[in-house]
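Beneath this line is the structure, given in structure tokens, with notes to follow.
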Amino acid sequence: MKYTIIIEETVSEEFILETKSRKAALEEARRLYRQGAWVLEPGNLVEVRFQVLEEEKAD
């Protein structure tokens with residue numbers, strides 16, 4: 001039988017940002033992330049999850 005396995009990794013990193021408000025900080029963080037200015041390093045692994053999908057039936 002064949003199974004499809006999904007592996008999902010969660011990484012985390014802290015960045016410092018000075019803005020006038022919490023909302024402005026979130027908007028600026030999203031902008032910087034989308035532009036590629038903030039990149040998370042793969043070494044900061046927080047969580048790994050494994051999932052097995054339904055098996056494929058052989059013909």
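Note that the structure is a prediction, hence the values are computed from the model and not measured.
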same_hphob_cluster([X], [Y]) at 4.5 Å side-chain heavy-atom cutoff:
X: Phe15; Y: Leu45; result: yes
X: Phe50; Y: Met1; result: yes
X: Leu53; Y: Ile7; result: no
X: Leu32; Y: Val11; result: yes

TODO: Assess the pair Trp38 and Tyr33: is the distance between their ring centroids shorter than 6.0 Å?
DONE: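 Between Trp38 and Tyr33, the centre distance exceeds or equals 6.0 Å.
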Open item on the list: Under 4.0 Å between a side-chain nitrogen and a carboxylate oxygen: does that hold for Arg30 and Glu27?
Closed with: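 The answer is no: the pair does not qualify as a salt bridge.
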TODO: Report the distance from atom OG1 of Thr19 to atom CG of Leu26, rounding to the nearest 0.5 Å.
DONE: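 Output value for this atom pair is 9.5 Å.
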Task: Atom pair CD/CG of Glu13 and Leu40 - distance to nearest 0.5 Å - done: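 Separation between the atoms: 5.5 Å.
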TODO: Might you confirm whether atom CD of Glu18 has over 12 heavy atoms from other residues, nucleotides or ligands at distances under 6.0 Å?
DONE: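 Result for CD/Glu18: open.
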Open item on the list: If you define the side chain from C-beta out and look only at heavy atoms, does anything of Thr10 sit under 4.5 Å from Val48?
Closed with: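 Thr10 does not reach Val48 side chain to side chain.
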- [ ] Could you pull out the closest heavy-atom pair between Ser12 and Val46, with the gap in Å?
- [x]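 Looking at all heavy atoms of both residues, the shortest contact is CB-CG2, 3.2 Å.
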Task: N/O donor-acceptor pair under 3.5 Å between Glu9 side chain and Glu47 backbone - done: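 The answer is no, because no donor-acceptor pair under 3.5 Å joins these two groups.
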TODO: List for me each residue that meets salt bridge (Lys or Arg N to Asp or Glu O under 4.0 Å) alongside Glu8, sequence neighbours excluded, and say none if there are none.
DONE: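 So Glu8 forms a salt bridge (Lys or Arg N to Asp or Glu O under 4.0 Å) with Arg49.
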